[in-house]
Number of protein chains: 2
Amino acid sequence: MAVEPQQVRALIHGVFDLQRVLRCVAQEHKSSEVGSAEAGVLRMISEFGGRAVDIAEKLSVSAPVLSRHIAELHDRGLVTRRPDPEDRRAQLLELTETGKARLAEIEEARISLILELLEGWDEAEVESCAASIRRLTDTMRAKSHTLKGGSLDHTETTKEEELAAR
Amino acid sequence: MAVEPQQVRALIHGVFDLQRVLRCVAQEHKSSEVGSAEAGVLRMISEFGGRAVDIAEKLSVSAPVLSRHIAELHDRGLVTRRPDPEDRRAQLLELTETGKARLAEIEEARISLILELLEGWDEAEVESCAASIRRLTDTMRAKSHTLKGGSLDHTETTKEEELAAR
DNA sequence: TATTGTTATACTCTATAACTATA
DNA sequence: TATAGTTATAGAGTATAACAATA
C-alpha cells in the first residue's frame, strides 16, 4: 500500500527521460508545414469541434495561444470559423476538407513512424503501455484539479476522513 | 504479434495527453528559482558529472543550450567549472554544496507532489507504470538512433529481411 | 581537420495583461 | 459583471551558424 519515495523518484525521472526522447524524435521527423501544437489543435477540432473555448480547455492551453493557432490554421485554409448562432461572442470551429486531409497525413506519418520504432513489440505490450500512460494521465488530471486551490483546500478530504474515523 | 495502427494511434494520443497534463502540473507548481531545463542539468551533473559535452548528450540537448544553462547556474553559484587537466578544451562540471542542496529540494518537492497526486496507487502500480514508460523510452531511443540516417538506411533491415525470406 | 565550448540569432510554444464585443 | 475571443508583450526552451581555442 505504501508507495516508496524512491519509486516515485524513478517514475519522475522516467517521465522526464521519455519527454527528452520524444523531443528528439519529433525534432528528427518534424513535418515542415504543421507544428506539433497546431497538429494538436487540428486533432481536437476534428474530435470535438465546436467552440474555441472548449478546444482550449481540452488542449489545456490559454485562450490567446489557441486564438493564434486558429488564426494561423484559418489563414492556411485548414480550419473554418463561423459565428455561433446561439452566442454571438463565440465561434464554432471545423476542419476544412484540406484540414481533414492534412490531419490524416500527420496521423498516418506518426503512426507509421512509431510502428517502426516499436518493432519487436507485440499487441499486448503496446496495449499495456498505453493503458499505464492513460491511467497516469487521468490520475494526475483528476487530482491536480482537486488540489488546484492549494493544500489548504481540504474540504472534501475532511468529510471523508470524518467518515473513516468512525 | 501484429500491432494494430489504431493501437499505436491510441498510444500516441495518450502520450500527447500526458505531456499536456505534465505541462499543467509543472505550470501550477513551478519553482520560481530553477527552471525545469536547469533542474535537468543539475540532475545530470549530479548523477554523472564530468565534461559538458557528455552532459549535453545525456540531456539530448545541443551544446549552445547547455552552455547557456551552465553559465546561468554558474552565475548563481550552483555549478562549478574547472578545466579538464587532460584536455584543455573541455571543462569538468560539478555541483556546489548550494547546488546539491537546491537539487535535493527540487527533487523532494517533486516527489511529495507526485506522491500526493498518486494517492490511491499502490507500489505495484507505480512500479509497473514506471517500467512501461522506461521500456517505451528505451525502445524509442535505441531505434531512433539506428534510424537516424533516414528511411533510406536499410542496411541492417535488409540483412534481416533476407534471412526472414528464406 | 575535428572537437569543446561560447556567442549571436531565430524559432516554437506558452503565459499574462489589456482590449472589444456580447451575454 | 462575467465570458468569448483578439492583440501585444514577455518568457522559457530549443536549434543552427559562426567563432575561438585546443587536440
Side-chain angles (χ1 to χ4, degrees), chain A residues 16 19-45 50-76 79-93, chain B residues 16 19-45 50-76 79-93:
Chain A
F16 278 111
Q19 290 188 291
R20 285 189 199 99
V21 171
L22 291 170
R23 174 166 47 74
C24 289
V25 171
Q27 171 77 14
E28 283 164 18
H29 300 86
K30 64 186 167 193
S31 88
S32 45
E33 288 218 41
V34 179
S36 71
E38 287 173 350
V41 174
L42 290 180
R43 175 195 153 196
M44 290 305 178
I45 295 177
R51 298 158 71 218
V53 67
D54 295 329
I55 300 296
E57 202 260 328
K58 291 195 194 300
L59 288 167
S60 304
V61 141
S62 62
V65 167
L66 183 64
S67 181
R68 277 203 19 193
H69 287 149
I70 295 294
E72 192 58 38
L73 292 168
H74 180 255
D75 288 353
R76 278 184 277 151
V79 164
T80 60
R81 302 188 260 206
R82 64 184 170 86
D84 183 343
E86 299 183 354
D87 182 346
R88 276 184 300 172
R89 294 171 305 180
Q91 61 190 2
L92 300 179
L93 303 172
Chain B
F16 278 112
Q19 290 188 291
R20 284 189 200 102
V21 171
L22 291 170
R23 174 166 48 74
C24 289
V25 171
Q27 170 78 12
E28 284 165 17
H29 300 87
K30 63 185 166 192
S31 87
S32 43
E33 289 218 40
V34 179
S36 70
E38 287 173 351
V41 175
L42 291 180
R43 175 196 153 194
M44 289 307 178
I45 295 177
R51 297 159 70 217
V53 67
D54 295 328
I55 299 296
E57 202 260 327
K58 291 196 194 300
L59 287 167
S60 303
V61 141
S62 63
V65 166
L66 183 64
S67 182
R68 277 202 21 189
H69 286 148
I70 295 293
E72 191 59 38
L73 293 167
H74 180 255
D75 289 351
R76 279 185 276 152
V79 164
T80 60
R81 303 188 258 205
R82 64 184 170 85
D84 183 342
E86 298 182 355
D87 183 345
R88 276 183 301 171
R89 294 171 304 180
Q91 61 190 0
L92 300 178
L93 303 172

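Of the candidates C:dT16, D:dA4, C:dG5, C:dG5 carries the atom nearest the B:Gln91 side chain, counting heavy atoms from C-beta on.
Nearer to the 5' terminus of DNA chain D, by closest-nucleotide assignment, is the contact made by A:Leu92 (compared with the other of A:Leu92 and B:Val65). Comparing B:Ala90 and B:Lys30 against DNA chain C, the residue whose closest nucleotide sits nearer the 5' end is B:Ala90.
By the neighbour-count criterion of 12 heavy atoms within 6.0 Å, atom CZ of A:Arg68 is sparsely surrounded, having that number or fewer from other residues, nucleotides or ligands.
When rounded to the nearest whole Å, the span between CG of A:Leu93 and C1' of D:dG5 equals 11 Å. Atom-to-atom, CG of B:Asp75 to C1' of C:dT7 comes out at 14 Å; the value is rounded to the nearest Å. Taking atom CG of residue A:Asp84 and atom P of nucleotide D:dT3, one finds them 17 Å apart after rounding to whole Å. Residue B:Arg68 contributes atom CZ, which lies 10 Å from atom C1' of C:dT7 at whole-angstrom precision. Distance CZ (A:Arg20) to C1' (D:dG13): 13 Å, rounded to an integer number of Å. The distance from atom CD of A:Glu38 to atom P of C:dT14 is 10 Å, rounded to the nearest whole Å. Rounded to whole Å, atom P of D:dA12 lies 20 Å from atom CG of B:Leu22. Regarding B:Glu28, its CD atom lies at a distance of 11 Å from the P atom of C:dA15, rounded to whole Å.
Regarding contacts with the backbone of C:dT14, a side-chain N or O of B:Arg23 is found under 4.0 angstrom from either OP1 or OP2. Phosphate proximity of D:dT6 to A:Arg81: present, with a side-chain N or O under 4.0 Å from OP1 or OP2. In this structure, B:Ser62 does not reach the D:dT14 phosphate: none of its side-chain N or O atoms is under 4.0 Å from OP1 or OP2. Neither OP1 nor OP2 of D:dA4 sits under 4.0 Å from any side-chain N or O of A:Ser67. Side-chain N/O atoms of B:Arg51 include one lying less than 4.0 angstrom from OP1 or OP2 on C:dT4.
With values rounded to the nearest 0.5 angstrom, B:Leu42 atom CG is found 8.5 Å from B:Ile70 atom CD1. Rounding to the nearest 0.5 Å places CD1 of B:Ile45 at 11.0 Å from CG of B:Leu92.
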Quick tally for nucleotides 18-23 of chain C: nucleotides whose base has a protein heavy atom under 4.0 Å get B, sugar-phosphate-only ones S, the rest -, giving ---BBS
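Nearest heavy atom pair, residue B:Arg76 against residue B:Glu33, reads NH1-O, 2.8 Å. A:Thr80 and A:His74 make their closest contact through CA-CD2, 4.3 Å (heavy atoms, listed as atom of the first residue, atom of the second, distance). Of all heavy-atom pairs between A:Arg20 and B:Gly40, the closest is NH2-CA, 4.1 Å. Residues A:Leu59 and B:Arg23 share a closest heavy-atom pair of O-NH2, 3.1 Å. The two atoms that bring A:His69 and A:Ala37 nearest to each other are CE1-CB, 3.5 Å, heavy atoms only.
For the helix from C:dG5-D:dC19 to C:dA23-D:dT1, the terminal axes (five pairs an end, C1' atoms, rotation from four pairs onto the next four) enclose an angle of 0°, given to 10 degrees.
With sequence neighbours left out, the side-chain contact (heavy atoms from CB on, under 4.5 Å) criterion links B:His29 to B:Val25, B:Leu113.
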